[in-house]
Every structure is written in C-alpha cells, then in structure tokens.
Amino acid sequence: MRYIKSLYIKGFKKFDEITVHFNEHMNILVGENEAGKSTILEAIKIVLNQMYKNADKSILKDLFNKTQMDIFNGNPSLETLPKIEIELDLELDPTEKNTEYFFGENSRNAKAIFGIKFECSFNEDIGANLIDVINSGEIPYEYYNLSWKTYSKQQYYLIKRPLNFIAIDTSESDTYNSFNYFNRSLFYSRYNEEERIASKNKFRNELSKMFKTIKLDDIDEHRKFGINDKKVILESVLAVYEDSIALENKGSGMSSLIKTQIALDKSKNNLDVVLIEEPETHLCHTTLQKMLAEIEKQQSNSQIIITTHNNLIASRLNLKNVIWITMNKAKSLNNIAESDANFFIKTDNNNFLQLLLSKKAILVEGATEFLLFPKIYQQITGKSIEDDEISIISCNGISYSRYLSVIKDTNKKIAVLTDNDKNNKKIEESINYNDEHQSQHIFMDNNINNWTWEKCFYALNQDTLDNLIEIDKTANYLFHEKDYGKVLGKMLNNKVETAYSMLNSEIQFLIPQYIQDAIKWLNE
Amino acid sequence: MAKRVILAAAGAGKTYHICHNIDRDKKNLILAYTHENIKNIKKELINAFGSIPELTTIITFDAFVYRYLILPYESSILKFFQKETLKTKGITLQKPEPQIVNNSPNPKYIKKDKIGHYITKSGFYYCDNLTELIMYVKNGRKSLIKRIANNLNKFYNEILIDEFQDFREYDYDLITALAKEIDNITLVGDYYQHSVSGTNNSGKPFKKSGANVSYEDFKNIVLNLGFIIDETTLQASRRCPENICKFVQNKLNISFTHDNENIGNVILLDEKNMENVLNDNNIMKLVYKNATKYKFRAMNWSYSKGDTFDNVCVILTDKFEKLCNNDFSCKNISQITINQLYVALTRTRGNLYIIKNSTFKKYLKK
C-alpha cells in the first residue's frame with residue numbers, strides 16, 4: 001500500500017507552519033471557508049506533480065505566506081526573506097522499484113523515512129550581489145530557486161513518481177486544464193510505459209500518413225504543408241468517452257461523478273492516491289449520494305483525500321476520518337482526547353461538524369435556547385445571527401465541556417450559555433475558565449437564585465409572562481417535587497412549548513444580563 | 001542464501017555467473033568497481049534476460065557510497081560534526097590535502113575529526129574520502145554504517161559485489177562492515193587478480209604489518225568475517241584453452257583449469273616472426289605500460305582485466321625474461337607482479353603469443 005503519511009508546510013499561502021497527518025484510506029478535510037483546505041491539496045500537487053516548475057517567478061508573490069512577508073517588510077534582510085518548504089512523508093514498499101530513491105533523512109525530522117521535499121528559496125550563489133536590493137525591502141523573485149529533492153537528497157524527477165496520484169477538481173474556473181490534467185494522469189497510470197510509447201508513436205505516424213492522403217496542392221515547386229511533429233502530442237488531445245460522449249461535454253456534476261468512478265477503480269487504473277475537491281459542487285443531492293456510495297465502496301483500495309463543506313459527506317464517510325483544518329493547525333479526531341472523539345463519533349453528532357465549520361458559535365443547553373436565541377440576538381443587535389456568521393448549536397444534554405475540549409487550543413470564538421444549576425462552584429469555575437481562555441467563554445447568571453434560563457426570564461419579565469402563559473388552575477406544576485409558583489412551574493415543566501409561545505408572541509422581553517454579555521462578547 | 005565469497009579463476013565467468021543467477025523478480029543491487037565492469041554486467045544481464053530486470057540496480061561502488069550511504073544520511077553526518085546548517089553541493093575529484101608533504105607535516109592538512117577532512121570549504125565532498133567519512137560517523141556507540149546496512153536489508157533481496165579483490169583500506173572496511181549486517185551478500189573475485197589495477201595497489205587486506213597476505217591467509221580472513229567460501233563454482237576458465245591453462249598453472253603456480261572447447265597454443269616469438277604478430281590487428285598486444293605509445297593495437301596489462309580477446313600477444317617485462325625456460329620459478333617475484341602477469345596471460349580464448357623483453361627491445365631499436 002502506497003500512500004501519503006503526512007504533509008508539512010512552512011511559509012506557503014495561509015500557512016505559517018502546519019503538519020497534516022493522513023489516514024491510510026479515507027481523509028475528509030473540513031474547516032471554515034478560507035481555512036486552507038484547498039491550499040493543502042495544492043501543496044500536495046506542488047510536490048508530487050512539480051506544479052509551478054516552469055511557471056514565471058512572478059507567481060511567487062501569491063505563494064508566499066503573509067506573516068513571512070510582513071516580517072520581511074518590517075525588517076528587510078537576507079535572513080528574513082520569505083521561503084517555502086513543503087515536505088511530503090510517504091509510505092512505500094521497500095521491495096518495490098526505485099523506493100530507495102525516496103528513502104533518507106533529508107526532512108524536518110531527520111529520521112530515515114520515505115518522502116519528497118520541495119523548497120523555494122533565494123539562491124544565494126547567483127544572487128550574491130543583491131544584498132543592497134534586499135535590504136531596501138525588495139524581494140528578488142527572479143533569483144529564487146524551486147527545488148524538488150527526495151528524502152535521499154537526490155533530485156526528484158516526475159518520471160520516477162513514487163505513487164500514482166490524481167486530483168479531481170470540480171471547480172468550474174479551469175475546466176480545460178482540469179480535464180487535461182485528469183486525462184493525462186489517467187493515461188499515465190492506466191497504461192504502462194511500453195503501451196504509452198507505442199500509442200504515442202503510432203498516433204504521430206498515422207497522423208502524418210493520413211495528412212498526406214489529403215490532396216492539397218503544394219505551396220510551390222519545393223514547398224508544401226505537413227504536420228508539425230512537435231505539436232502532435234497525444235496526451236494533450238486525449239478525452240475520456242463514455243458511450244461516445246466525451247466527458248467534457250457532459251454536465252459538470254455528471255462528469256465529476258464519472259471521473260470519481262474512474263479514479264476509484266484501482267484494479268484497472270492503479271491510482272494510489274485520489275484527491276477530490278469539494279465533491280458537493282455541481283452535484284444534486286441524489287448524484288452526491290451516488291458518488292458517496294461509490295467512494296464508500298472503494299475507500300479501502302486507495303487513499304482518498306476529500307475537502308468538503310458538507311455535513312452529510314463527513315458523517316457518511318465516518319467522522320473518525322475527519323481532519324479539521326483551523327488556525328494553522330490540522331486536527332485529526334484521532335488526536336483529540338479519545339473519550340471525547342469516541343463520544344462524538346458514537347453519537348454521530350452533526351452539530352459537532354457544524355461547530356468545526358463555523359467562524360463563531362454559541363453553544364446552548366437545549367431546544368428552548370435554540371429557539372429563542374436568534375430572536376434575542378436580533379432584538380439586541382438589530383442583525384440576524386446569519387448576518388454575523390454565528391452558528392447556534394444545541395448541546396441537547398451533551399456536556400458543553402466535550403465541545404470545548406475538542407476546540408481547545410484554537411482561536412475559534414465560542415460562547416457557552418448555560419444554567420448555574422444553583423451551584424456556586426459552577427459559577428466560580430466559569431469565572432476561572434474565562435480568565436484562562438481568550439476565545440472561549442462560559443456565560444451564566446451569577447446569582448444562584450436564577451438557576452435556570454426560565455427562572456432568569458421569569459425574574460425579569462414576571463408580569464409579561466403571567467399574562468402570556470396560560471395555566472390550568474387545578475394543576476400544581478411541581479418541578480422536581482418543588483413548587484415554584486404556577487407560571488414558572490409550567491414554564492419549567494413545558495420548556496419547549498413555553499419557548500414557542502414566547503417566540504410567537506412578538507413581545508420584546510427583557511433579556512437577562514448574562515445573555516446580553518455573551519452577545520456583546522461574541523461581537524467584540 | 002547467506003554471506004558468500006566466490007573465488008573465481010580468470011575467465012571462469014564471474015560476470016556471467018552473477019548475471020545469470022539473480023532472481024529477476026526481486027530487488028538486487030550489483031556493485032562493481034569500474035564503469036567498464038558495469039558495462040559488462042549490463043551487457044550480460046541483457047543476454048540473460050533480454051533486458052535489464054526492472055528491479056535490479058547496477059552501479060559503481062563510488063556512486064553507491066555517495067548516493068546510498070552519504071546523501072540519504074547527510075543529516076546524521078553533519079550532526080555528528082555539529083555542522084547542521086552546512087549546505088553541500090556535490091562531489092569533487094580534487095585531492096584532499098595530504099598529511100605529509102616532502103617528509104614534513106603539511107600545515108594545510110585537516111584532521112579526521114573535522115568536517116574539513118571530508119568536505120571542501122565550498123561544500124563539495126572529496127571523492128577520495130567518502131568511504132573514510134561513512135566509516136567514521138557514529139551515533140553514540142552505534143556506527144552509522146551499521147544502521148544503514150540494516151536499512152539496505154529492507155530494500156534488497158541480495159547485494160552482489162563484483163571484483164571484490166579490488167577493494168582496499170576504507171573501501172575494504174566498508175565492505176566488511178556491510179557484510180556483517182547484510183543478510184544476503186555475495187562477493188565475487190579472484191585473489192590472483194588483486195592489486196593489478198593502477199590505483200589501490202597496496203594495503204589492507206592484502207598487506208598485513210607490511211607483509212603480503214597469501215592465498216591461504218586471505219581465505220582465513222574471509223572465513224573469520226562469517227563468509228562461506230565457494231572455490232568450486234567458478235574454478236575453471238570458460239575462456240582460456242587447455243594448453244594456456246596448463247601453461248599458467250605450471251609457470252605461475254596458480255590452480256587454473258579449463259572448462260571449454262577452445263583451441264589455442266602458447267607460442268614464443270622470435271625476432272623474425274614477431275613483426276607479423278605485432279602488425280596483425282586481430283591479435284591484441286598486452287604491454288606492461290604506456291600502451292598508447294605504440295603504433296600497433298595494444299593495451300596495458302592492468303587495463304585488460306575483465307576483457308576477452310580472440311588472440312593475445314603478451315610482451316613480457318624484464319622480470320619474466322626466463323618465463324618460457326624450463327627452470328623458471330617465480331620464487332623471488334612479488335605476488336602483485338605475478339598477479340599482473342596472470343591477468344595478461346589469461347585474456348585469450350585462442351593463441352597466446354609471448355615476446356621476451358629482450359626480443360621486443362630489438363623491435364624498438366628499429
């Protein structure tokens with residue numbers, strides 16, 4: 001089994017520094033927009049396909065990491081010049097051909113393993129006299145070197161590729177190139193060298209021969225038209241046909257489905273690694289289901305790396321395979337405390353994914369808060385939670401500490417709204433927690449008399465609620481065998497129904513202070 | 001399979017044996033000393049399998065040391081010398097500063113424990129010191145080479161080393177160190193061809209405390225390294241005709257039999273018939289040195305190692321003036337000198353013409 005074990009990026013695009021560990025089979029990269037999911041796929045393509053090898057150096061401007069650029073601009077010098085390093089650790093079988101060529105210590109961790117290292121750095125030998133230019137704050141892009149070395153410190157040539165790899169790009173922007181690339185890769189992995197050379201040769205010869213049979217008048221006595229051999233390159237005109245229709249001519253949804261099917265058929269096409277970028281794009285729900293079924297079926301044959309925004313994809317392909325990209329970190333659910341990870345995997349909890357994908361989130365106890373919070377938010381800020389890209393997640397009986405433990409060490413802004421449960425210790429703990437954590441805060445009423453959401457609201461809006469909530473005069477409305485008064489008693493016993501009445505009443509309730517604090521803090 | 005040394009006779013088909021006995025479906029690594037050897041091995045592999053088996057790699061020993069032992073483990077090497085940030089750029093054929101110049105210590109000499117002993121200031125490895133370097137680096141008590149050899153086991157089913165008698169000093173130490181760890185290793189060579197090549201013609205393992213190491217001593221050294229010695233497989237010459245073999249065995253006191261139907265005789269030339277042979281381009285002339293100086297088709301004795309010719313004419317040196325006399329004995333001639341002649345005498349698959357040095361001088365006078 002040949003696959004990508006991990007990827008290390010330093011100074012490339014979004015990433016100052018990141019390490020991503022991959023599973024042998026299925027990998028689902030999730031993360032908020034702009035978290036760098038596509039950048040990770042791009043980094044893999046740069047290393048394995050030597051992308052940008054022949055590109056104009058001006059492209060480097062877009063590839064360097066902004067933090068590194070800022071450091072250079074603040075203090076221009078040879079030492080602070082931006083630099084890109086990408087390392088791809090591989091798992092290969094040493095008894096297979098050429099594998100020794102990839103084996104050695106030429107990587108960040110200096111252990112003898114398989115891999116390839118890409119480096120884009122200023123060439124001090126040819127740019128030796130540029131110190132003044134650099135010190136004046138200019139980056140001499142033209143004097144940068146792009147190098148690909150295997151971990152045995154030898155030059156990496158594409159012809160010796162360590163594994164067969166294909167990327168399925170569903171973005172529409174670059175259809176021509178993406179097809180061309182797909183067709184080429186497939187052609188390469190599907191046929192062996194002998195078959196490829198023979199077909200290319202035959203194609204070239206037959207085309208020239210055929211052209212001669214077209215009776216065109218000569219240009220003059222000594223000159224006539226012929227075929228330009230250098231332009232007759234089979235790979236560049238190949239297209240995949242399904243029942244006499246070229247994939248290029250099918251709808252983009254359909255063509256990504258077919259491409260996926262082809263790519264995953266390892267027995268025929270020998271692809272070790274398949275990258276799939278946002279398969280949900282252009283796919284209707286049923287086609288997506290079909291594609292997922294296909295992927296699910298084939299996932300033990302190849303290594304699959306998918307990026308997605310889609311909850312369905314992640315939960316269908318097993319939460320355990322989720323790799324969460326956030327704030328320059330890649331977190332595998334395998335890295336999260338096992339008890340927490342298992343908890344979410346076992347409960348197959350989609351809220352959890354929503355939390356990973358959101359920019360900011362508010363965690364609430366249950367359905368009551370879930371129903372009312374958007375209205376409260378609107379009332380206080382004049383905006384909807386969607387406007388401010390805040391996700392609301394209902395814990396539904398799961399302790400919020402499970403969620404907080406998953407997102408710890410990140411800057412994701414999370415407010416937790418919870419009840420103090422008449423527990424002074426809980427209040428004290430939340431204050432301590434907030435002191436220690438910048439990006440995650442816990443909010444609750446700090447008076448144990450206001451021990452629950454309903455009690456807090458009732459304390460502030462007693463008259464309004466007495467009018468709104470209809471009670472049965474004969475009922476006791478005891479809550480945990482205690483009498484809290486009939487209205488509050490009913491509110492406590494029928495939480496969701498009460499919330500629903502409040503939501504529909506169009507009354508502007510007075511909002512408990514801790515909720516206001518939470519909203520204010522989220523928007524800071 | 002295990003650790004094996006095959007002691008071969010000249011022309012017994014070392015290359016043939018190596019090439020026809022590998023498992024083409026497994027990974028093999030074949031090392032040889034010269035590019036000439038490599039060419040012969042590749043040719044023979046193509047004869048054996050139609051093409052070079054996909055999983056078999058054939059490279060020179062120097063390339064092996066640099067690409068398989070040095071480059072992949074450069075981190076460890078630089079760390080050992082605490083030069084982690086050093087950027088190396090390749091190999092140089094430039095000679096390192098010698099320890100002694102004109103009988104006095106060379107102030108430019110850099111000691112073994114400094115990186116400068118192995119790498120130039122501008123970052124190039126001295127080709128001459130590559131093996132010394134790889135043998136020098138340790139990690140705690142464990143030598144780097146031990147770790148590398150164990151890794152090589154993962155990659156190769158078998159490692160074969162051709163003409164192992166050419167390895168000297170650090171190269172020899174390296175082979176020994178590798179042999180200790182490598183599961184399947186086969187060394188093929190001919191004791192009687194040791195020290196024939198121009199370079200590497202002194203020192204370990206064929207000299208011990210200044211004295212030459214005899215064939216029997218050498219076998220003991222190899223046995224002590226844990227090798228099995230095979231003296232039968234490649235004992236008979238597939239090249240030299242019966243009469244030539246008898247002549248060599250008789251004159252040089254080297255066990256040498258034939259296993260072929262070739263026909264040829266030993267013919268001592270005199271002044272009269274010498275010229276015809278010298279001018280005949282079908283006969284390769286083997287001279288002790290300076291082959292390019294002569295108008296006729298000629299090659300130096302030491303260069304002819306590994307080659308086969310239809311007919312050969314050997315021009316003797318002064319030391320062997322009496323070779324064809326009945327009372328000839330090589331008692332007072334060094335093993336190295338004998339080996340050099342042995343190589344020259346065993347190149348023919350047909351006739352072996354011999355010209356005495358005194359006779360040849362007459363030709364030169366003309």
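Below, each value reflects all heavy atoms present in this structure, side chains not excepted, and no hydrogens, waters or symmetry copies. Reminder, nothing fancy here: chain letters follow the sequence lines and each chain counts from 1.
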- [ ] Determine, stepwise, if the pair B:F155 / A:T95 fulfils side chain to side chain contact (heavy atoms under 4.5 Å, CB included).
- [x] CA-CA 5 Å; B:F155 287 99; A:T95 63; over 6 Å; no

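- More than 12 non-hydrogen atoms from other residues, nucleotides or ligands lie less than 6.0 angstrom from CD of B:E97.
- Only the side chain of B:T57 comes within less than 4.5 Å of a heavy atom of chain A; its backbone N, CA, C and O stay farther away.
- No more than 12 heavy atoms of other residues, nucleotides or ligands sit less than 6.0 Å from atom NZ of A:K5.
- Within 6.0 Å of NZ on A:K45 lie more than 12 heavy atoms contributed by other residues, nucleotides or ligands.
- Counting all heavy atoms, side chain and backbone alike, B:Y73 lies closest to A:A112 at CE2-CB, 4.0 Å.
- For B:K154, the parts lying near chain A are the backbone and the side chain together; criterion is any non-hydrogen pair under 4.5 Å.
- Heavy atoms of other residues, nucleotides or ligands lying less than 6.0 angstrom from CD of B:E54 number 12 at most.
- At least one donor-acceptor pair closer than 3.5 Å links the side chain of A:E105 to the backbone N or O of B:S76.
- The 12-atom threshold is not exceeded at OH of A:Y143, counting heavy atoms of other residues, nucleotides or ligands nearer than 6.0 Å.
- The number of heavy-atom neighbours closer than 6.0 Å to NZ of B:K112, taken from other residues, nucleotides and ligands shown, is above 12.
- Heavy atoms of other residues, nucleotides or ligands lying less than 6.0 angstrom from CD of A:E194 number 12 at most.
- Heavy atoms closer than 4.5 Å to chain A are found in both the backbone and the side chain of B:R67.
- Remark: A:K111 NZ to B:S75 OG distance equals 12.5 Å, nearest 0.5 Å.
- Between A:T99 and B:K27, the side chains place a donor N or O and an acceptor N or O closer than 3.5 Å (distance only, hydrogens not considered).
- Dense packing is recorded around NZ of A:K13, with more than 12 heavy atoms of other residues, nucleotides or ligands lying under 6.0 Å away.
- At a 4.5 Å heavy-atom cutoff, the contact between A:Y151 and chain B is made by backbone atoms alone.
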TODO: Start with the C-alpha gap between A:E100 and B:N151, add the side-chain angles, then the distance that decides, and say whether side chain to side chain contact (heavy atoms under 4.5 Å, CB included) holds.
DONE: CA-CA 10 Å; A:E100 62 280 359; B:N151 283 335; over 6 Å; no

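- Heavy atoms of A:D125 lying under 4.5 Å from chain B belong exclusively to its side chain.
- In terms of heavy-atom proximity, A:E96 sits nearest to B:L55 at C-CD2, 4.2 Å.
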